[in-house]
Protein chains: 2
Amino acid sequence: MSGSRQIGKTARNGRDQASDTRFGKTAGNRLDAIYRSISEAIIQHRLRPGARLREDALAEVFGVSRTGIRKVLQRLALEQLITLTPRRGASVTRPSADEAREVFEARLVVECALMEAAATRITEADISELRDMVKREHEALRNREQRIAIKLSASFHARLADISGNRTLAGFVNQLASRSSLILAVYGNAGNLGCESHDHKNLIDLLAAGDGAKAGDFMARHLKSIEASLSIFEEPEETPDLRELFAVDALSSN
Amino acid sequence: MSGSRQIGKTARNGRDQASDTRFGKTAGNRLDAIYRSISEAIIQHRLRPGARLREDALAEVFGVSRTGIRKVLQRLALEQLITLTPRRGASVTRPSADEAREVFEARLVVECALMEAAATRITEADISELRDMVKREHEALRNREQRIAIKLSASFHARLADISGNRTLAGFVNQLASRSSLILAVYGNAGNLGCESHDHKNLIDLLAAGDGAKAGDFMARHLKSIEASLSIFEEPEETPDLRELFAVDALSSN
DNA sequence: TCGTCCACCATTGTATACGTCGTTTGTGCA
DNA sequence: TGCACAAACGACGTATACAATGGTGGACGA
């Protein structure tokens, strides 16, 4: 037996990740709002991978100076949501196929391990909140509001990690879930947005029953099925893509 | 069975974490060097938890402007090595007891899971490099150079994670190992620097034999023994401590 | 003599200006 | 007509200047 490491013996509940006092933000609430705004836009695929994020434009839009924007961009870069190229500026990260596999491997390790603790520590309030999130996810799907559904799905996983009580690991999951959204944007097939909300419902039931082991197993299947639904292979490069496009034009116009 | 999730099926080797092109650093090699310099100073306990890091002073020491220093400090803050207090500046993080437990829980989850992949992917070159690190760690301990030993110990764990081939998880381990050094500084007992280098030697042997399961179990024991060797309880809190002190004063003065 | 209040100073937060580099476009030559 | 080089423009990197805030020390009053 090389697995089944138990966690979640700490006493704190750690559910206030939103207002982490650890960052410099005097009136930084402003910057934090900008961060969340851009982050959400990326997660919701309103900003597609490869999209350029010019500092001047962002500074003007949000009504702050480039200094503040740069701080936000640096944070986003550290979380791998955007890529900072030396003299080229920022662009939404286009995850490589390897990166995609890594992220799902990491989620498999971390999120499954957290289920044990989550099953122990979950409260009635948590359960109803999670059920509400699933309900809203269903509604968004019915209304074809995929962007909202994607955001809710990522939030669901992050929330689940919060419940486990380990802020550090929850932070990792939060980051991994965000990057997963990026991966879906690149390697996902149309109409398939990754998480089956039915899976999420099952997950809640298992946790509510206090069965952490089964919840962990189910989470593993859940994540593997998401990864299996993707088409993870190295896409055509940027420039080759343009050349191919030119070739098609040449054929059709001839 | 709720554990034993296998990882490490990716094909890339991912051992070049040092030069991550993801950050903005034109002549940012300079800034990166500053980052490593401060980071190492913290890991080696040359900068103790609570130490203030004034921007002007750092700017002068490293010969750059405050702008660059602020960038470095922000990165260190995101990795939780330093704490940025709004108008007070930066100081080396003093991990709370809960934080300490969280970090070791997280390491238990992540590092054990990585052993399976590491055992599969480890090469002869890796093995000799790791053995060399252990040797140098031994030497440092013999020479009472605890600072070097601490740094080598953290590097050993980070290197081990690199071998597993998952850069994302390796990055997590790197961060967790750094924070562990901080935890040792606060909750460690004198003369005990955490890792027994004998443990590290055993770990290499198990990996060299390709026994990932045993290596994972051994890593679990290793981490637990480190945590057990600490005195993790709420130390001198800032405000609570003062209040307690006041209470004692009031009693003794009456 | 002690407590309180005010003013100054130290330090960080924010913005702006300038230098450097990449990109793109235009022109000239083969 | 196609390619290559160069110049101009635009965007980022860095530094510096100014503004805001909190802490500290001194002075005044009770």
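Quick note on labels: first sequence line is chain A, next is B, and so on, each numbered from 1. The structure presented is a predicted model; accordingly, all values stated were derived computationally and were not measured.
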Worksheet item: Checking only heavy atoms, does the side chain of A:R66 share a donor-acceptor pair with the base of D:dG13 at less than 3.5 Å?
Response: yes

Taking only side-chain nitrogens and oxygens of [X], does any of them come within less than 4.0 Å of OP1 or OP2 of [N]?
| X | N | answer |
| --- | --- | --- |
| B:R88 | D:dG22 | no |
| B:K71 | D:dT14 | yes |
| B:R70 | C:dT12 | no |

Worksheet item: Tell me, do B:R101 and B:E227 make a side-chain contact under 4.5 Å, heavy atoms counted?
Response: yes

Discussion item. Regarding B:R54, tell me which of base, sugar-phosphate or nothing describes its non-hydrogen contacts under 4.0 Å with the strands shown.
Written reply: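 The residue B:R54 makes sugar-phosphate contact but no base contact.
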
Separation of [N] [atom2] from [X] [atom1] (nearest whole Å):
| X | N | atom1 | atom2 | answer |
| --- | --- | --- | --- | --- |
| A:E55 | C:dT14 | CD | P | 16 Å |
| B:R52 | D:dT24 | CZ | C1' | 13 Å |
| B:D32 | D:dT14 | CG | P | 12 Å |
| B:L84 | C:dT11 | CG | C1' | 13 Å |
| B:I69 | D:dG13 | CD1 | C1' | 15 Å |
| B:L73 | C:dG13 | CG | P | 10 Å |
| A:R87 | C:dC21 | CZ | P | 6 Å |

Worksheet item: Hey, is the main chain of B:L152 close enough, under 3.5 Å, to the side chain of B:E137 for a donor-acceptor pair?
Response: no

Item to complete: Give, for atom CZ of A:R46 and atom NZ of A:K151, the distance between the pair rounded to the nearest 0.5 Å.
Response: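 It is 12.5 Å, given to the nearest 0.5 Å.
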
Discussion item. I want to confirm an ordering. Mapping A:S65 and B:G89 to their closest nucleotides on DNA chain C, which one lands closer to the 5' end?
Written reply: B:G89

Worksheet entry | Of B:T67 and A:A90, the one whose closest DNA chain D nucleotide lies more 5' |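 By nearest-heavy-atom nucleotide position, the 5'-most residue is A:A90.
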
Fill in: Any side-chain donor near an acceptor of the partner, A:T83 and A:S91, under 3.5 Å
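Judged by distance alone, the side chains do not pair up.
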
Discussion item. With a 4.0 Å cut-off on N to O distance, would you call B:R107 and B:E111 a salt bridge?
Written reply: yes

Item to complete: Give the nucleotide from the list D:dT14, D:dA20, C:dT14 with an atom nearest to the side chain of B:L31.
Response: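 My answer, after comparing the listed nucleotides, is D:dT14.
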
